[in-house]
Structures are given as C-alpha cells and as structure tokens.
Amino acid sequence: MRRIAKFSLCVMAAALLAAGCGKKESGETASSEETTAQVQEETPKGTVTLGEYKGLEITNISTEVSDEQVDAQIEFVLSTNPEMIEITDRSAQEGDVVNIDFVGMKDGEAFEGGTAEGYDLELGSGSFIDGFEDGLIGAEIGDELSLNLTFPENYGNAELAGQPVVFDVTVNKIQEKKDAELTDEFVKKISDTSKTVEEYRSEIRKNLEDSAKQNAEIQMQNEAIEQVLASSTFEGLDEEVDGEFQIQMAEMTQALEQSNMTLADYVTMYGTDEDSFKEYMRSDIKARIQVSLLAEAIVKEENLVIDDDARMKVAKAYGLDSPADLVEAYGQEAVDEAARNVAVMDFLLQNANLVEAEPTESETQSESAEETTGQN
C-alpha cells in the first residue's frame, strides 16, 4: 500500500492531511507489488509515546483582507489580461505580440519541436533563443523571413546545443498590448459570476478571504503538529524508514527507466545531487511516518470516529466533489487513512488555546506613530 501524494513535502500539516496511500500505477507489475508487500511485511514498525496534544497554545492567524489587498489583486488581473489591439499600419515593435508560422531546420531538414502554426509570441519576452525575437522587430504582416541562428551551448537538447539552424517565419498578425480598464464589460469577460465592477470586487474579496482562511488553517496545523512531535517520543523508526526508502527508490527507478532517465538526470533538473536528494527523501519519509504514528495513536486514545465529513474534506482538498473518485484512484484504505488524519488535525485545533500573535516591529512602529500624531 503506497501513500497519497502530499500537497507539499515541506508542510507538516499537509503530510498529516495526505499521508494515505499513493496513486495506483496501471503499469505496475505483479512482481513489484509483491516485492513492496514483502518489504512492508518484513519491516518492523516504529512506535510512539504521545506527549502533550491537548491544550496546545497555537497562534491565531488573522484572515482579515484589506482594501489594499483587493486593489492589488485587481491590478494583477488587469495587468495579466491586457486588451489586444490589432495593428495594420506599422511594423512590429518590441512588446508587440506577433502571430507567426515557423519551421526550424538543421542541415536543411526540419527538426522535432521546431515547427508551429498560429503561434503568438511577445517580442522581448525571451521565450525563444537569442536572435529569434530581435529578428522579427521591424517585420510587417505577410513578411516571410529566414532567421539564421545558433542554439546556446547549454541547450537542453544535446542534438541542437551549439548548432546553427535556420527558422523560416511567416508573420500573420501584429497586436499591441493595451492596459485593461476595470469596467462592467471587462468584468463580464473575466468572471463567470460577476456582472459589475462592484460585484467583482466582492468576488475578489471573498476569494482572498477563502485563501487567507485556508493558509491560516495550514499554519496553525503546522504549529500544532510540530508541538506534538516535539513532546512525543519515537522508537524503532530507522528500520521502517529504510524499508519505505527502498520501496520508494525502487518505484522511482522503475518510473525513470520507463522515461529513459537516470536518477542523476532527474535530480540535476532540480538543482541538486543524488546524495542530497536521498537525504531529503529519507528525512521526508521519517517525518511522514512520525506524523502517521501520531495520528494513529491520537485516534485510538480519543476514540475518534472517521466520518464522511472527513472524507469529503480530503476530496475537496484534491478539488473533487466526492470521495468516490479518490477511492477509485487510491483505494478505500488510503482515503480512510487520509480522512483519519483530517479528523486528527481538526481535533488538535478544536482542543487548542488560540493566542494572538505578537505585533511585528513595523506594526509597533505604526501604532506608536499614530499615538504621537494623536497627541499632537
């Protein structure tokens, strides 16, 4: 039984929420399943002696959303959804979006991935190799250009790295980006629910509040589980960590081989090396095992009931309307385990003492300035 993927390897609460079984791979062989089952059966399990888990002091995270935050989000939406004005009376300039067809050729033959039709390219974006976008500045609609370029030496495709190529390009259309304005018409284009500017501001505020509540809950869950981890005692984890590490490495090796990659290739993509990756992987496995042991012990100690509400919360965390799809993909046992962890997190926060966060230095200075102004 493998675990449902966590939302973030770095977030303890996420580990607790999604420490169920991993997604079933349709191509997994019977022998690999048997090997996994055998390793799990032969690996001794760790144990935990629970520390304090009720009456924890947890920082109450504010979920207030200011007008300034709403304005900033709206400005971001406006900037990422500019109005596109079609240009017919001048040549292409930096910042314009040109619609192009192109064919890339090496030694007179088109190479894989170098051909497209109706491609929108912003000139100056740096999306293409050096010289491509510069070569289109000054072009007009209908122009057919041949760009003699060279791929960079460190290009990801070894067959093209450092190689001279020719791109034959046809310019279909030129558009100029214009800053959008917040109007009822813009709102109707960008929103599925709002029709007016006022309605859209309310929609943005609600979205920000929902996000703030979710982030606050995660932060408080992190703080709670870290406190319980710190006060609890674990024994016999090394062998269980080793067993799980063997399973995960075997699965990863198999997946990489199917993609014609080595572990060294894979970790290089993420800017690390094999030893650092394996160390991180072991640390993550240990954290997940500790959290799972805590959850299991708290459920037993408190006789917590895992109900459909907890399963639904897991489904919603995956963007689903029902746990049924999760059960189909991961199995009932996996979903129940994840729901168990949800129930534990809810229990920890329901039985915690929420304390207000101490003001930051900037907030203290701001309050002091306001008091001084009031006195004057």
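Note that the structure is predicted; figures quoted are calculated from it, not measured.
- Applying side chain to side chain donor-acceptor pair (under 3.5 Å) to D101 and the options N172, T115, T170 leaves one that passes, N172.
- D184 has no carboxylate O lying under 4.0 Å from a charged side-chain N of K195, or vice versa, which leaves the two without a salt bridge.
- When side chains are defined from C-beta on, E356 does not count as touching S62, because their heavy atoms never get closer than 4.5 Å.
- If you check the side chains of D168 and S146, you find a donor sitting under 3.5 Å from an acceptor.
- With hydrogens and angles ignored, the 3.5 Å screen pairs a side-chain donor or acceptor of S322 with a backbone N or O of A324.
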Under the criterion salt bridge (charged side-chain N to carboxylate O under 4.0 Å, His left out), I'd like the reasoning laid out for D284 against R288: C-alpha separation, chi angles, the key distance, then a yes or no. CA-CA 6 Å; D284 179 64; R288 284 197 289 105; 3.5 Å; yes

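- Between D71 and R201 there is a salt bridge, with a side-chain nitrogen of the basic residue lying less than 4.0 Å from a carboxylate oxygen of the acidic one.
- Between R340 and D336, none of the side-chain N atoms (NZ, or NE/NH1/NH2) sits under 4.0 Å from a carboxylate O, so this pair counts as no salt bridge.
- Here L256 contributes atom CG and N260 contributes atom CG; the two are 10.5 Å apart, rounded to the nearest 0.5 Å.
- Between Y53 and Q227, the side chains place no donor N or O within less than 3.5 Å of an acceptor N or O (distance only, hydrogens not considered).
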Where do F151 and F111 land on the ring pair (Phe, Tyr, Trp, His ring centres under 6.0 Å) test, with the steps shown first? CA-CA 13 Å; F151 274 93; F111 56 83; 5.8 Å; yes

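- For the pair D210 (side chain) and N207 (backbone), a donor-acceptor distance under 3.5 Å is absent.
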Step by step, work out the salt bridge (charged side-chain N to carboxylate O under 4.0 Å, His left out) result for D321 and K316. CA-CA 6 Å; D321 295 326; K316 286 183 177 180; over 6 Å; no

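- Applying the side chain to side chain donor-acceptor pair (under 3.5 Å) test to residues at least two apart or on different chains, the pairs with a partner in residues 75-91 are R90-D96.
- The backbone N or O of E140 lies less than 3.5 Å from a partner atom in the side chain of D143, making a donor-acceptor pair.
- Residues V305 and V344 are members of separate hydrophobic clusters, defined by side-chain heavy-atom contacts under 4.5 angstrom among Ile, Leu, Val, Met, Phe, Trp and Tyr.
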Hey, mind stepping through E176 and Q93 against side-chain contact (heavy atoms from CB on, under 4.5 Å) and telling me if it holds? CA-CA 9 Å; E176 182 180 7; Q93 301 174 356; 6.0 Å; no

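- Annotation: the span from E302 atom CD to L348 atom CG amounts to 9.5 Å, rounded to 0.5 Å.
- In E274, the CD atom is crowded: over 12 heavy atoms of neighbouring residues, nucleotides or ligands sit closer than 6.0 Å.
- A donor-acceptor pair is defined here as one N or O able to donate and one able to accept, closer than 3.5 Å; such a pair exists between the side chain of S194 and the backbone of E199.
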Salt bridge (charged side-chain N to carboxylate O under 4.0 Å, His left out) for D67 and R205? Distances and angles first, verdict last. CA-CA 8 Å; D67 291 341; R205 181 177 293 279; 2.4 Å; yes

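- Using modelled atom types, no side-chain atom of S191 and backbone atom of K188 make a donor-acceptor pair closer than 3.5 Å.
- The minimum heavy-atom distance linking Q69 with L208 is given by the pair O-CD1, 3.7 Å.
- For E223 (side chain) and T59 (main-chain N/O), a donor-acceptor pair under 3.5 Å exists by modelled atom type.
- When all heavy atoms of N341 and A295 are compared, the pair lying nearest together is OD1-CB, 3.2 Å.
- For the pair V169 and L147, the minimum side-chain heavy-atom distance is below 4.5 Å.
- Shortest non-hydrogen contact noted between L229 and L294 is CD2-CD1, 3.4 Å.
- A salt bridge is defined here as a Lys NZ or Arg NE, NH1 or NH2 lying under 4.0 Å from an Asp or Glu carboxylate O, and E217 with K313 meets this definition.
- The CD1 atom of I174 sits 14.0 Å away from atom CD1 of I85, with the distance rounded to the nearest 0.5 Å.
- Using a distance-only test at 3.5 Å, with no hydrogens or angles considered, a donor-acceptor pair links the side chain of E240 to the main chain of G46.
- Under the 4.5 Å side-chain contact rule for hydrophobic residues, F76 and I74 do not share a cluster.
- Judged purely by distance below 3.5 Å, without hydrogens or angles, the side chains of Q248 and E244 pair a donor atom with an acceptor atom.
- You'll find the side chain of P152 reaches within 4.5 Å of the side chain of I129, heavy atoms only.
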Take E64 and E209, measure what side-chain contact (heavy atoms from CB on, under 4.5 Å) needs, and give me the verdict at the end. CA-CA 7 Å; E64 230 178 281; E209 288 173 346; over 6 Å; no

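- Under the 3.5 Å distance criterion, the side-chain polar atoms of T150 are left unmatched by any main-chain donor or acceptor of G162.
- Under the ring pair (Phe, Tyr, Trp, His ring centres under 6.0 Å) criterion, Y200 pairs with no residue at all, not counting sequence neighbours.
- Atom CG of L237 and atom CD of Q290 lie 5.5 Å apart (nearest 0.5 Å).
- Residue A110 comes nearest to V103 through the heavy atom pair CB-CG1, 4.0 Å, listed as atom of the first residue, atom of the second, then distance.
- When hydrophobic clusters are built by joining Ile, Leu, Val, Met, Phe, Trp and Tyr residues whose side-chain heavy atoms come closer than 4.5 Å, directly or via intermediates, L50 is grouped together with L349.
- Put simply, the side chain of I289 reaches to within 4.5 Å of the side chain of V241, judged on heavy atoms.
- N148 contributes no side-chain N or O that, together with a main-chain N or O of V166, makes up a donor-acceptor pair within less than 3.5 Å.
- Atom CD1 of I298 is separated from atom CD of E296 by 11.0 Å, given to the nearest 0.5 angstrom.
- Side-chain contact between N60 and M220 is present, with heavy atoms from C-beta onward closer than 4.5 Å.
- When all heavy atoms of K106 and P164 are compared, the pair lying nearest together is CG-O, 4.2 Å.
- The closest donor-acceptor contact from the side chain of E133 to the backbone of S125 lies under 3.5 Å.
- Checking E122 against S127 by side-chain atom types alone, no donor-acceptor pair falls below 3.5 Å.
- Both I137 and I100 are part of a single hydrophobic cluster, where members link through side-chain heavy atoms under 4.5 Å apart.
- Side-chain atoms of T193 and E203 include a donor-acceptor pair closer than 3.5 Å.
- If you take CG on L326 and CG on L320, they are separated by 5.0 Å, rounding to the nearest 0.5 Å.
- Side-chain contact annotation: S276 with D273, donor-acceptor N/O pair under 3.5 Å present.
- In this structure F128 satisfies the ring pair (Phe, Tyr, Trp, His ring centres under 6.0 Å) test together with F102, Y119, F132, sequence neighbours excluded.
- L145 is not connected to M105 by any chain of hydrophobic side-chain contacts under 4.5 Å among Ile, Leu, Val, Met, Phe, Trp and Tyr, and they are in different clusters.
- For the residue pair N353/E57, the side-chain donor-acceptor check at 3.5 Å is not satisfied.
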Please determine whether side-chain contact (heavy atoms from CB on, under 4.5 Å) holds for the pair L182 and V187, giving the CA-CA distance in whole Å, both sets of side-chain angles, and the decisive distance to 0.1 Å. CA-CA 7 Å; L182 185 61; V187 168; 4.0 Å; yes

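- Between D308 and R311 a salt bridge is recorded (basic side-chain N to carboxylate O distance below 4.0 Å).
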Given the rule in the side-chain contact (heavy atoms from CB on, under 4.5 Å) test, do I225 and V291 qualify, once you have shown the distances and angles that lead to the verdict? CA-CA 8 Å; I225 198 63; V291 166; 4.3 Å; yes

